[in-house]
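Note sheet for the following structure.
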Amino acid sequence: MTTHRRTTQGLTAISALLAAAALYAAYQGHWLPAGAIAYTTVLLTWCASRERARHQRTRAEREHARQSGAHPFASPAPLDPCCLLWHHSAAVHNPQCTRPVTARPALHEANATRHRAA
C-alpha cells in the first residue's frame, strides 16, 4: 500500500462524513453551512480521485521497473501515458519517462498538431 492509497482512503472517509453532515445541515434548514460543507465534500472527493490516479501510476511504474530489471535485453512497452507531463511536454519529458528517445519528437509534433486543430 502506497501513501497515495492511504491518503485516498482517508479523503474518501472524510468526504463520506462531510456528505452526511451536509445532508443533516440541509435537513435542519441551515442552507449556507450545508452548501459550504457540500463544496468541501466535492473538493475532497476530487483530491481523492487524483491521489488514486497517482497510486495507480506508482504501481504501474514499479511493475515497469520490475519487468525492466527481470529481462535486461528485452525492454517492456512504454507506460501509457509515458510520464506525468505527457500533455505538456515537448521533445524532452522528464527523467521518469519510459518512451524511447526517438519517439519523443514525434509525440511533440502530434501534440502541436492537435493544439493547432483545436
Side-chain angles (χ1 to χ4, degrees):
M1 179 181 287
T2 64
T3 57
H4 302 292
R5 176 72 180 211
R6 282 192 297 269
T7 304
T8 299
Q9 291 174 343
L11 289 171
T12 303
I14 292 169
S15 294
L17 291 173
L18 285 175
L23 288 173
Y24 181 73
Y27 176 74
Q28 293 295 322
H30 303 290
W31 297 107
L32 186 61
I37 294 170
Y39 176 78
T40 305
T41 302
V42 170
L43 179 68
L44 290 179
T45 304
W46 176 80
C47 290
S49 72
R50 299 311 318 142
E51 285 294 318
R52 179 167 169 74
R54 185 65 190 132
H55 166 71
Q56 291 172 342
R57 177 64 185 200
T58 301
R59 287 183 55 199
E61 287 173 351
R62 286 180 184 170
E63 181 65 22
H64 187 268
R66 187 187 65 76
Q67 289 176 357
S68 297
H71 306 289
F73 297 111
S75 62
L79 293 172
D80 184 30
C82 57
C83 62
L84 293 174
L85 301 173
W86 71 284
H87 273 300
H88 307 290
S89 60
V92 178
H93 290 172
N94 67 8
Q96 288 80 29
C97 182
T98 60
R99 190 174 286 277
V101 177
T102 56
R104 293 178 186 175
L107 181 66
H108 172 62
E109 291 169 6
N111 283 341
T113 306
R114 183 180 62 184
H115 290 296
R116 274 188 249 134

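All values derive from a computational prediction rather than experimental measurement. By convention here, the first residue in the shown sequence is residue 1.
- The two residues A38 and A22 come nearest to each other via the heavy atoms N-CB, 4.0 Å.
- Under a 4.5 Å side-chain heavy-atom cut-off, the cluster of Ile, Leu, Val, Met, Phe, Trp and Tyr residues that includes Y39 has no other member.
- Of all the heavy atoms in R52 and T8, the pair that sits closest is N-OG1, 3.2 Å.
- The other members of the hydrophobic cluster of L11, by chain and number, are I14, L18, I37, L44 (side-chain heavy atoms under 4.5 Å, ILVMFWY only).
- Other residues, nucleotides and ligands place no more than 12 heavy atoms under 6.0 Å from the CZ atom of R50.
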**Request:** Apply salt bridge (charged side-chain N to carboxylate O under 4.0 Å, His left out) to the pair E51 and R54, showing each step before the final yes or no.
**Result:** CA-CA 5 Å; E51 285 294 318; R54 185 65 190 132; over 6 Å; no
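- Take T45 and apply the side-chain contact (heavy atoms from CB on, under 4.5 Å) test, not counting sequence neighbours, and it matches S15, T41.
- A salt bridge between R59 and E63 is absent, with no side-chain N of the basic residue lying under 4.0 Å from a carboxylate O of the acidic one.
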